[in-house]
Number of protein chains: 4
Amino acid sequence: MEPKQKNGKHEQIMSAAIRVFAEKGYFQSTIAQIARAAGVADGTIYLYFKNKEDIMAQFVNQQSKKFFDTFTSMFEGKQSAIERLKALIRLHFQVSQEDRYVALVYQVEMRRSDRLMKEDIKDALRMYHDLVGQIVEEGQQEGAIRHDVQIGLVKRMIFATVDEVITSWVMAGGKYDLEPLAEPLANLLLQGIQATPTA
Amino acid sequence: MEPKQKNGKHEQIMSAAIRVFAEKGYFQSTIAQIARAAGVADGTIYLYFKNKEDIMAQFVNQQSKKFFDTFTSMFEGKQSAIERLKALIRLHFQVSQEDRYVALVYQVEMRRSDRLMKEDIKDALRMYHDLVGQIVEEGQQEGAIRHDVQIGLVKRMIFATVDEVITSWVMAGGKYDLEPLAEPLANLLLQGIQATPTA
Amino acid sequence: MEPKQKNGKHEQIMSAAIRVFAEKGYFQSTIAQIARAAGVADGTIYLYFKNKEDIMAQFVNQQSKKFFDTFTSMFEGKQSAIERLKALIRLHFQVSQEDRYVALVYQVEMRRSDRLMKEDIKDALRMYHDLVGQIVEEGQQEGAIRHDVQIGLVKRMIFATVDEVITSWVMAGGKYDLEPLAEPLANLLLQGIQATPTA
Amino acid sequence: MEPKQKNGKHEQIMSAAIRVFAEKGYFQSTIAQIARAAGVADGTIYLYFKNKEDIMAQFVNQQSKKFFDTFTSMFEGKQSAIERLKALIRLHFQVSQEDRYVALVYQVEMRRSDRLMKEDIKDALRMYHDLVGQIVEEGQQEGAIRHDVQIGLVKRMIFATVDEVITSWVMAGGKYDLEPLAEPLANLLLQGIQATPTA
DNA sequence: CATGAATGAGTATTCATTCAT
DNA sequence: CATGAATGAATACTCATTCAT
């Protein structure tokens, strides 16, 4: 039924690549290392990927699609903006927790490639931003979010903070549990840190 | 009179390198490109830097020192924590605004090297984190910052958001003005985004 | 059928390298020259040798093994010490005569590397010395060799003289025949040059 | 009175060079290393030597001249051939013993340069050979040396053995005393090793 | 489909030599 | 004479990519 390949060579190579990228960094990784990690010959990689860059591109595409599909199917028009925001953060944490290699590449390696790689990669980040932006706007319409904040800054704050928390976790070796941080982080982002709620 | 170098070759090379790193990315930059950009011969670079990595390392060291010196001299024990936090953000914005190449390398290229480069680089980031952490703690003591927030998350939120705002600006080509964002960003971080100050 | 390499690339490269080493000297030889001489690409060399030094090391190992195997199989416990010594010299001459490049590298280039290269190379020379030493000792036991000579000096004299004769021949361009010198040389070494056998 | 230079810069550089050549090998030695060892600037070397190779060439010339002058002045037409041969060996040993660096370069480094360097160097070796040849011929005329030996082989045997003994000593670090070996070595070369003086 | 040997362009780094001071 | 900063040609080695088997 799989229209792509009989055996999971494609998946096999990609996941090996992600592991290698995670360990060495994208530019430091060699095709030979990926091939060995995947248990295939160097040349075989070129049967499934146009070139080294394409491995990263396909990974980002696939990963993004999966993420947004999950998110969409989970929350399509159901909850309040605040609830959806919390859910988004929680999903992001869950996904990262599930596969640290994926998270590492997604959080760290992918970033550096922004300006250097194809548009595909930028798109994934843009979609995330847009999603957050959408939620915030809806939140404002629902009256749950203040109107005197710059939406651009809010988007960035949320995106960056979630991102950073995951990256810290990834870089620390994934030693602690990520998901329990979702709730307090969401609250923090929403409520701010000041003692006296602005007059 | 300059006891270090007769002419500014060291500075000349470093700033050329930063420009090249900013444009191509660290790993994509070649010594030949840097040399050409600096108007010196390839070999000359090795009179001032141990190797390619050392260029980045020296840059980070110098930049960090400059940043922290400025910050320290500006605010030594003077203001409230909240004021100091705003000042830190403003300084960060100013510095970035002054030299987009520096900001680009500092924000983007340096990051990717975390796991790959010498400890020097990690140290700079750690110092920033610690500084933010310190300010937040003082803020709590001063009663200006709530006590029911996880200090680790707060640090990350502030660091990440400032970082992200600068990075966005850098990646966008530095087209708009950064400094005016300092005030609203500080407020946003402090006050949160929710309409109804937490019950 | 050859289990080692499909085609003789390994041999092809090594023998080209020896030719180049012989002509230019080890340190003056470049990988590019060797590659061209072998009719392969530069990179191909690194599929068969770890690095430039490894080419020399593998050559010395192979050559030594071949030499000692031949010697051992020829003379295992058969003849008198004097006969074995003559045979050793003759073999050394034969081998050199067969391939002047090999001899040149073995006699000249290898030497200079003594202090500079891996132990492998020293070992080969040591084995030769030991072999000569062994033969001389047996010769003394058999009563064919005087006991009032310092065995260390004898070893050195034999080794050095054979070596020098070959080296001269090599450096002269291999123009004359080496093997006919084996008999008179052996006699000379054994009998000395003085007219009146020491009183 | 010294027509060459006021201070001994020339000598200073040359002896530093020999030390460095002895330690690293000629091709592995750099001008910078020699300059540092001599306590002068890199450029200064080029005031006294045409280039790197010229340092070696001048060294060999000077050393050879010194050696032959000493030898000539010591033995001009005085002794028997046998005595002169012994004296030559003794002188060679003495000179080596006096300065191990000189010996090391002369014995080892110089050799490798044979085919690679200027004729000057070959000349020095040729002179030594000729000297030995001369002595042997005179010895034959005096009736002290057999006539049934090939003079070429005898020359080589003597040259090579003395050379080898010194080289061994040099490579061993000059730990033992060389001069006491002169007498037994001369005897060995002259008398051979066979127990029963060939019938 | 799969292989992995072969390729050769690409690159960091070294170092003999020059020359302005 | 002396310096040492500057040069840039030279070179070992790497690695993405191809293609004959």
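Order of the sequence lines sets the chain letters (A, B, ...), proteins ahead of strands, with each chain counted from 1. Worth knowing before you read on, the calculation uses all heavy atoms, side chains too, and leaves out hydrogens, waters and symmetry mates.
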Watson-Crick or G-U wobble partner of dT14(F), both distances under 3.5 Å: dA9(E)

Would you mind reading off the distance between Ile31(B) atom CD1 and dG8(F) atom P, rounded to a whole angstrom? 16 Å

Would you mind reading off the distance between Lys52(D) atom NZ and dT17(E) atom C1', rounded to a whole angstrom? 12 Å

Find the distance Ile45(D):CD1 to dC19(E):C1' and express it as a whole number of Å. 16 Å

For the pair made of CZ in Phe49(C) and C1' in dA12(F), what is the distance, rounded to whole Å? 15 Å

On DNA chain F, does the nearest nucleotide to Gly43(A) precede the nearest nucleotide to Gln33(C) from the 5' side, or the other way round? Give the residue. Gln33(C)

Starting from P on dC15(E), measure out to CZ on Phe27(C) and report it in whole angstrom. 12 Å

Does a side-chain N or O from Lys9(C) land closer than 4.0 Å to OP1 or OP2 of dA5(E), or not? no

For the side chain of Val40(C), starting at C-beta, report the closest nucleotide among dA12(E), dT7(E), dG8(F). dT7(E)

Please confirm whether Lys52(B) makes a cation-pi placement over Phe27(B), using NZ or CZ under 6.0 Å from the six-membered ring centre and within 45° of the ring normal. no

Mind telling me whether His10(D) and Tyr48(D) have parallel, tilted or perpendicular rings, with 30° and 60° as the class edges? perpendicular

Can you confirm whether Gln62(D) sits close enough to Glu11(D) that some side-chain heavy atom of one is under 4.5 Å from a side-chain heavy atom of the other? yes

To the nearest angstrom, the CD1-C1' distance between Ile13(A) and dC1(E) comes to 11 Å

When both hydrogen-bonding distances must be under 3.5 Å and the geometry is Watson-Crick or G-U wobble, what is dT3(E) paired with, if anything? dA20(F)

Tyr46(B) side-chain N/O to dA6(F) phosphate OP1/OP2 under 4.0 Å: no

Between dT11(F) atom P and Glu53(C) atom CD, what is the distance in whole Å? 18 Å

Which nucleotide, dA16(E), dA2(F), dA2(E), lies nearest any side-chain atom of Thr30(D)? dA16(E)

Compare every heavy atom of Ile55(D) with every heavy atom of Met14(D), then report the nearest pair and how far apart it is. CE-O, 3.8 Å

Write down the distance between CG (Asp42(A)) and P (dA2(E)), rounded to a whole number of angstrom. 14 Å

Between Asn51(C) and Leu47(B), which is nearer to the 5' end of DNA chain F once each is assigned its nearest nucleotide? Leu47(B)

Using a 4.0 Å heavy-atom cut-off across all strands, classify Thr44(C) as base, sugar-phosphate, or nothing. base

Non-hydrogen atoms of Asp99(A) and Tyr101(A) that approach each other most closely: OD1-N, 3.0 Å

